[in-house]
Protein chains: 2
Amino acid sequence: MKIDPNSPADLSAQIAKAIRDAIVAGVLIVDERLPSEAELAEQFDVSRSTVREALKRLAAQSLIRTQRGASGGAFVNRLEYKDAYPQQITTSTLLLSMNAVSFETACEARYALERACAPLSAARRTPDHLATMRAEIHRQGQPGLSDESFCDSDVAFHRALVDGAGNPVLSYQLAGAVEAMQPLMNMITFTARSRAEIIRLHTAIADALEAHDGSAVESALSALETYTQSLARDVMETRARVRAGG
Amino acid sequence: MKIDPNSPADLSAQIAKAIRDAIVAGVLIVDERLPSEAELAEQFDVSRSTVREALKRLAAQSLIRTQRGASGGAFVNRLEYKDAYPQQITTSTLLLSMNAVSFETACEARYALERACAPLSAARRTPDHLATMRAEIHRQGQPGLSDESFCDSDVAFHRALVDGAGNPVLSYQLAGAVEAMQPLMNMITFTARSRAEIIRLHTAIADALEAHDGSAVESALSALETYTQSLARDVMETRARVRAGG
DNA sequence: AAGGCTTAAATGTCAGACATATGAAAATCG
DNA sequence: CGATTTTCATATGTCTGACATTTAAGCCTT
């Protein structure tokens, strides 16, 4: 764990990298305590402030946690899915919004990934997953539901579908793709007719899952993708017409 | 952008969260300059050190960049895929290694996601993608190639497959899944015979892509998954036998 | 007008101090 | 002797002030 003393700037980044590499390489194991800030400062021959900035960088990535008081210090964090989820979603959201990713591209990716889960979910979904999906479908049919709540329910529905595959790695990857889409989905105003169509397709998906029919789930997902894309196209065209006309 | 002055500890985390929220919400736009550290310190009524720790947290997430000198400062970063890739890979790698995700689970997720790209890649792959894949297949057949280099080439091959889909969102999501698998893949010793079989399947994939035959790509990927899983099972069994016998 | 010089503003780093939390050891009391 | 309280050492959290370094803009000279 060494840094280059000749590079004058960005010492805290170098120190963070050194410690991060040690964690990734397994030199520092989970729950192991790092030396105290004062000791690290001495080891790297920098001030305590610089060490602290490095530790904050690592804390921002959930790689370490800190405890105050005697026998406190910085400890290597066991990175769990629940810690990584928010980060993944924030990053995905920003990637979409800052890079002008089209609705079409994001939507295509999302449904392609969901279709990847379909056969697994059809084989393994528990009654619990199915019950969640049925409940969300019911919620989506409630009159007076706001567009935002409708989108929330939509996310919950698809999340249950993905979780049904029983593969945490898939669930993690999909969380980013599905939840990051939400701001884009919120652009769409869901009329009563379009809600009914979406609910019809959701029901088809749930039915197919209940019957353990993976390819039927895939077909329904494809139909849902096509329909969602057409809704988005309508919104865009309407906006373009309003801009041109007014 | 406010913080709770009553919470005594973790001021830097609160400040980081306030700024992060402002960026995600679009209050701070790309390339906009944040106030100087001194000004932020005054606004939040904390010391400059605390502000700096908050900024380092944001820098660790690539949300801001800093420039020194006059007219320098902290600027909202345009989060691009190339910045998000390493983070995604590091996180995925640690999630796998720290949560004892089985080879089976990781492998299943990886190939499920790759199959999701197959139809798109079959439709859109350019001659460039195909050329990259053929080149990697050739490299994989070179005698004297180390296991590590073989794995590297494997990653490059699959990456070309995924990129062929022409969807940056998919490429980003897949990068984590594919590259994070590498440490697990490196456990496997590839014999001459297993390399030949893998090359055979890679060739089948490339041929199917060349013919724009999406379902053939999916089939070949499934066969490759089955074969990889069987190789991993052999390694595990051998190890278990050695442990029991010795 | 072009080029070099000065300067101001900003981040990067350091040193030392105090505040606060916390576990462990020491002291006290029943 | 055992339980409880007090004390204390240690570690992080925060503040202050200082200096180093980088960099762009303005000034000045030629």
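Reminder, nothing fancy here: chain letters follow the sequence lines and each chain counts from 1.
Separating the CG atom of A:Asp45 from the P atom of C:dC14 is a distance of 8 Å, rounded to the nearest angstrom. To the nearest angstrom, P of C:dG12 lies 9 Å from CG of B:Leu55. Distance, A:Leu11 CG to D:dC19 P: 20 Å, rounded to whole Å. Rounded to a whole Å, the CD atom of B:Glu37 is 14 Å from the C1' atom of D:dT21. Atom-to-atom, CZ of A:Arg68 to C1' of C:dA21 comes out at 5 Å; the value is rounded to the nearest Å. Atom CZ of A:Arg48 and atom C1' of C:dA15 are 12 Å apart (whole Å). Here C:dT13 presents its P atom at 19 Å from CD of A:Glu42, a figure rounded to the nearest Å. Atom-to-atom, CZ of B:Arg33 to C1' of D:dA24 comes out at 12 Å; the value is rounded to the nearest Å.
Taking 4.0 angstrom as the limit, A:Ser47 places a side-chain polar atom (N or O) nearer than this to OP1 or OP2 of C:dC14. Regarding contacts with the backbone of C:dC14, a side-chain N or O of A:Thr50 is found under 4.0 angstrom from either OP1 or OP2. For A:Ser36, no side-chain nitrogen or oxygen approaches OP1 or OP2 of D:dT10 to under 4.0 Å. Taking only side-chain nitrogens and oxygens, A:Arg52 comes nearer than 4.0 Å to OP1 or OP2 of D:dG13.
In this structure, the separation between SG on A:Cys117 and NE2 on A:His158 is 11.5 Å, given to the nearest 0.5 Å. Here the CG-CG distance, from A:Leu55 to A:Leu40, works out to 6.0 Å after rounding to the nearest 0.5 Å.
The B:Ala70 side chain lies nearest to D:dT23 when the options are D:dT12, C:dG12, D:dT23.
For the segment residues 56-66 of chain B, no residue has any heavy atom less than 4.0 angstrom from an atom of DNA chain D.
Judged by distance alone, with hydrogens and angles left aside, the side-chain atoms of B:Gln229 form a donor-acceptor pair with the main-chain N or O of B:Glu104 at under 3.5 Å. Formation of a donor-acceptor pair under 3.5 Å by the A:Asn167 side chain with backbone atoms of B:Thr105 is found in this model. Checked by atom type and distance alone, the side chain of A:Arg52 never pairs as donor or acceptor with a backbone atom of A:Ser47 at under 3.5 Å.
Judged by closest nucleotide on DNA chain D, A:Leu34 is the one of A:Ser49 and A:Leu34 placed further toward the 5' end.
If you run side-chain contact (heavy atoms from CB on, under 4.5 Å) between A:Asp152 and each of A:Glu136, A:Gln140, A:Gln182, only A:Gln182 comes through.
For the pair A:Arg139 and A:Asp154, the salt-bridge criterion is not met [side-chain N within less than 4.0 Å of a carboxylate O].
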